[in-house]
Structures are given as C-alpha cells and as structure tokens.
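Residue indices begin at 1 and follow the sequence shown.
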Amino acid sequence: MWAYTVGFTVLPHVGGFLGWFVNRKEIPVWYEKLKKPSWCPPRKIFPVAWTVLYTGMGYASYLIWNDLGGCSSKAILPLGLYGAQLALNWAWPPFFFGAHNLKMALIDILCLDGLVIGMMCSWYRINKIATLLMVPYLGWLAMATCLTIRIWKDNPEQKPGKSE
C-alpha cells in the first residue's frame, strides 16, 4: 500500500517540476522585469512553498482514493475534480512564463480557484483530514490569484509587432 501513498504524493510534483524546468529560463529574463506589488513573495519562497503544497495535495488525494476504495464509481467526481484542478495548476506556468499571456494565466487561475473550492466541498464528507490538507493550498492560491491580477493590471500586454 505504501507504493500508492508515494505515487499519489509524488504525482503533483511531476507537473510542477516540468513546469519549472520548461520555463526556468524565462524567470530571470522576463519575470524579473515585470512590475510586481511590494507584497510579492521573494523568488526563493516559491519552490519551498510548492514542494510543501504539492506534498500535502498529493497525500490528501491518496486519502480520498483510499477511503473510496480506489478507482470506484464513487471516486469519479472527487478525483475527477482533483485531476482537473491539477491540470489547471500545471497549465498556469506555460501560460504565464512560457507564452507571457497574463490574461490566459488569470483565466486559468480563476478557474483553478473554483475547481479547488468545489473539490474541497466534495472531499469534506469523505475525509476531513484530506480537506484540511488542502487549506494551505487554497490560501496560497488566493495570494497567487491576487498577485496574478496585479501583475496583469500593472503590465499591459505588448501590441503585436512591438518587441522589448
């Protein structure tokens, strides 16, 4: 059973790592030039925060999967919401860092917020501990959403044909 625990716990890190790896060169070049609010966390905080959040998220998904008896018909909605929010989570870095598309990144994170809230509501009746493990993630998403909104508002997109 430990293999399932490890697998579920590691899974969110895979997309997070790939997102970082693919977009890592854009961070010092493009991201540093963006106008950001004074309350923007330092760059060094992000990998630490995401490691903790992905670990809690992954383990929580394992608890839900285990409580529902694996991939049963009862697991379709709760784990489907989890998978959907994980996909949107992994899609944010390519929109933001890769495509420099602040508007799509904002749309993505707003949808992500809604999916996480819906997922947590569906999980609450199944496993309260799993739901509580998602609270730090929801808190971080709230900050990240506000940060994305501010960066989008404070950094108007370049018109086609104009380069930096």
Side-chain angles (χ1 to χ4, degrees), residues 3-27 30-31 34 40-41 43 45-152 157:
Y4 289 113
T5 308
V6 171
F8 274 87
T9 303
V10 168
L11 176 64
H13 294 276
V14 173
F17 176 78
L18 289 174
W20 168 81
F21 186 77
V22 168
N23 298 295
R24 72 190 184 284
K25 293 177 181 160
E26 291 298 321
I27 296 169
W30 177 75
Y31 178 74
L34 292 174
C40 179
R43 265 184 36 204
I45 296 294
F46 287 90
V48 174
W50 280 112
T51 299
V52 171
L53 295 170
Y54 280 144
T55 301
M57 179 191 314
Y59 183 68
S61 71
Y62 164 75
L63 294 175
I64 296 299
W65 176 84
N66 190 54
D67 285 358
L68 293 175
C71 294
S72 66
S73 61
K74 292 184 272 185
I76 292 172
L77 180 64
L79 292 179
L81 289 169
Y82 173 73
Q85 73 80 29
L86 195 55
L88 285 180
N89 177 297
W90 291 345
W92 189 89
F95 286 139
F96 189 86
F97 293 109
H100 304 173
N101 192 332
L102 302 177
K103 188 176 186 178
M104 278 306 298
L106 177 57
I107 292 167
D108 178 274
I109 203 165
L110 291 170
C111 293
L112 176 58
D113 295 338
L115 273 173
V116 171
I117 291 167
M119 179 194 69
M120 290 173 70
C121 289
S122 80
W123 284 18
Y124 186 76
R125 66 183 184 349
I126 301 163
N127 188 311
K128 290 174 181 50
I129 300 296
T131 307
L132 288 173
L133 284 169
M134 299 304 287
V135 170
Y137 176 47
L138 185 60
W140 183 266
L141 279 180
M143 181 280 303
T145 301
C146 292
L147 185 58
T148 302
I149 291 168
R150 277 294 301 272
I151 290 173
W152 173 68
E157 293 186 44

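- The shortest distance between side-chain heavy atoms of Arg150 and Cys40 does not fall below 4.5 Å.
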**Prompt:** For Tyr59 and Thr55, what are the C-alpha separation, side-chain angles and deciding distance, and is it a side chain to side chain contact (heavy atoms under 4.5 Å, CB included)?
**Reply:** CA-CA 6 Å; Tyr59 183 68; Thr55 301; 5.6 Å; no
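- For the atom pair Met104 CE and Leu106 CG, the distance stands at 10.0 Å (nearest 0.5 Å).
- The heavy-atom pair separating Tyr31 from Ile151 by the smallest distance is CE1-CD1, 4.3 Å.
- With contacts defined as side-chain heavy-atom distances shorter than 4.5 Å, the pair Ile109/Phe96 does not qualify.
- Taking 4.5 Å as the limit, every side-chain heavy atom of Val52 sits out of range of all side-chain heavy atoms of Pro136.
- The side-chain heavy atoms of Trp123 and Asn127, taken from C-beta on, include no pair separated by under 4.5 Å.
- Residues Leu86 and Met57 come closest through the heavy atom pair CD1-SD, 3.8 Å.
- Atom CZ of Phe46 sits in a crowded spot, with more than 12 heavy atoms from other residues, nucleotides or ligands closer than 6.0 Å.
- Residues Asp67 and Ile64 form no side-chain contact, since every pair of their non-hydrogen atoms from C-beta on lies 4.5 Å or further apart.
- Annotation: the span from Met119 atom CE to Leu112 atom CG amounts to 9.0 Å, rounded to 0.5 Å.
- Heavy atoms of other residues, nucleotides or ligands lying less than 6.0 angstrom from CH2 of Trp50 number more than 12.
- One distance of note links CG of Leu141 with CG of Leu110; it measures 10.5 Å at 0.5 Å rounding.
- Trp92 places no side-chain N or O within donor-acceptor distance of the main-chain N or O of Phe97, the cut-off being under 3.5 Å.
- Annotation for Pro12 and Tyr54: closest pair CB-CD2, 3.4 Å, computed over non-hydrogen atoms.
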**Message:** Between Thr148 and Leu102, does the side chain to side chain contact (heavy atoms under 4.5 Å, CB included) criterion hold? Intermediate values first, please.
**Reply:** CA-CA 8 Å; Thr148 302; Leu102 302 177; over 6 Å; no
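- Within the model, atoms CD1 of Ile76 and OG of Ser122 stand 12.5 Å from one another, a figure rounded to the nearest 0.5 Å.
- Scanning all heavy atoms of the two residues, the minimum distance from Leu88 to Asp108 falls at O-OD1, 2.9 Å.
- The nearest pair of heavy atoms linking Gln85 to Tyr137 is OE1-OH, 2.6 Å.
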**Message:** One pair to check against side chain to side chain contact (heavy atoms under 4.5 Å, CB included): Asn66 and Tyr4. What are the steps and the verdict?
**Reply:** CA-CA 9 Å; Asn66 190 54; Tyr4 289 113; over 6 Å; no
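- Side-chain contact between Val135 and Met120 is present, with heavy atoms from C-beta onward closer than 4.5 Å.
- Here the closest heavy-atom approach between residue Gly58 and residue Tyr82 is recorded as CA-OH, 3.8 Å.
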